[in-house]
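Have a look at the structure below, then the notes.
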Amino acid sequence: MPELPEVETIRRGIEPHVLGRRIGRVVVRDPRLRWPVQPDLPARLAGRRIEQAARRAKYLVLHLDNGDRLLIHLGMSGRIWVLDPTVAPIKHDHVDIELDSGQLLRFHDPRRFGAVLLWSAGEPHHELLRHLGPEPFDPAFHGDYLFELSRGRSAAVKNFVMDGNVVVGAGNIYAAESLFRAAIRPTRAAGKVTRAEYVELASRIREVLNEAIVRGGTTLRDFAGATGELGYFQQELYVYGREGEPCRRCGTGIRRKVIGQRSSFYCTRCQR
DNA sequence: AGATTCGCCTGAGAGC
DNA sequence: TGCTCTCAGGCGAATC
């Protein structure tokens, strides 16, 4: 499932293919995504030039020359491919965006949890982005911020950092890995984690995400179609998906426990 | 307000 | 081989 590092990798991958390109025909084969594709989206995209390929949380944000922006979210099974238009569409290829380079952007999403939405120039803030917490690499994100925000919270610290209102990008895998590196047990109440621990955690969240982005970039060096897969970072996981396997630090068997409906992995010895 | 649950989807993998 | 069942999960909405 594409998390923030995967989305950033995809952004970097498609950027050279879309920057400065003018959009031609847009084909919507199935508008039934997480939110329905707006009926007027093809007409409003046609003829627009793409001026910037940005990212906010897990949203790709393509800035257009008329001030409109195209939001693309991959949900959990979404893909974006840069293809030659002669490549025949396959099942779940929901949206094609033709470019004046002769290539096209193809949005593919079996589970349709993703979205392709037009954000009008007239709306300064998009409803889906309004509530989002800071980017992990934003200076506003630091240990003190987590500490202050978490006071009085009874939810598990893992759920707390996975909450997009708190900070974006700490998805299930990266939350688990960050908490391991910070030696914090994911089940702890967020309100009971100390300031010093949050300073460490914020640092580890940035570290883990940065490493994953670097690895993701490696897998897509010969970019043709961003796959949104884990890439080489998968080889460096300390706890995620390693139930029963020995901790890479101390050898203790990694524990799996469901926290807030999500599988969580941690070392009972290293994480307190 | 914060915490929890629900619902949308289909593919992969396990079990039979 | 082929079927059924379970699980996975981003994230807004609804509910507690």
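All heavy atoms count here, side chains included; hydrogens, waters and symmetry mates do not. The sequence lines fix the lettering, A, B, ..., with proteins before strands; numbering per chain opens at 1. The model shown is predicted, which means the values in this text are computed figures rather than measured ones.
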Interatomic distance where CG belongs to Leu33(A) and P belongs to dC11(C) [whole Å]: 15 Å
Arg49(A) side-chain N/O to Arg21(A) backbone N/O, donor-acceptor pair under 3.5 Å: no
Interatomic distance, Arg112(A) CZ vs dG10(C) C1' [rounded to whole Å]: 15 Å
Terminal helix-axis angle for the helix from dG2(B)-dC16(C) to dC16(B)-dG2(C), with five pairs defining each axis and rounding to 10 degrees: 50°
Range on DNA chain B touched by chain A, heavy atoms, distance below 4.0 Å: dG2(B) to dG11(B)
Backbone of Tyr238(A) reached by a side-chain donor or acceptor of Arg242(A) within 3.5 Å: yes
Touch class at under 4.0 angstrom, heavy-atom based, for Arg34(A) against every strand present: base
Nearest-angstrom distance from the residue atom CG of Asn172(A) to C1' of dC11(C): 14 Å
Any side-chain heavy-atom pair of Cys267(A) and Phe180(A) under 4.5 Å: yes
Residue met sooner reading DNA chain B from 5', once Arg111(A) and Phe160(A) are mapped to nucleotides: Phe160(A)
Met76(A) CE to dC7(C) P, straight-line distance once rounded to whole Å: 15 Å
Distance, rounded to the nearest Å, where Leu132(A) contributes CG and dC11(C) contributes C1': 10 Å
Val157(A) reachable from Val166(A) in the ILVMFWY side-chain graph, under 4.5 Å edges: yes
Trp35(A) CH2 to dG10(C) P, straight-line distance once rounded to whole Å: 13 Å
Whole angstrom value for the distance that separates C1' of dG10(C) from CD1 of Ile72(A): 16 Å
Phosphate OP1/OP2 of dA8(C): any Tyr240(A) side-chain N/O under 4.0 Å: no
Residue pair Leu33(A) / Phe107(A), side-chain heavy-atom distance below 4.5 Å: yes
Ring geometry between Trp119(A) and His126(A) (parallel below 30°, tilted from 30 to 60°, perpendicular above 60°): perpendicular
Row check, Phe141(A) ring normal vs Arg206(A) NZ/CZ: under 6.0 Å, within 45°: no
Any side-chain heavy-atom pair of Arg185(A) and Arg272(A) under 4.5 Å: yes
Check: Arg255(A) side chain, Tyr266(A) main-chain N or O, donor-acceptor pair, under 3.5 Å: no
Nearest-Å distance for atom pair CD/C1', residues Glu3(A) and dG9(C): 10 Å
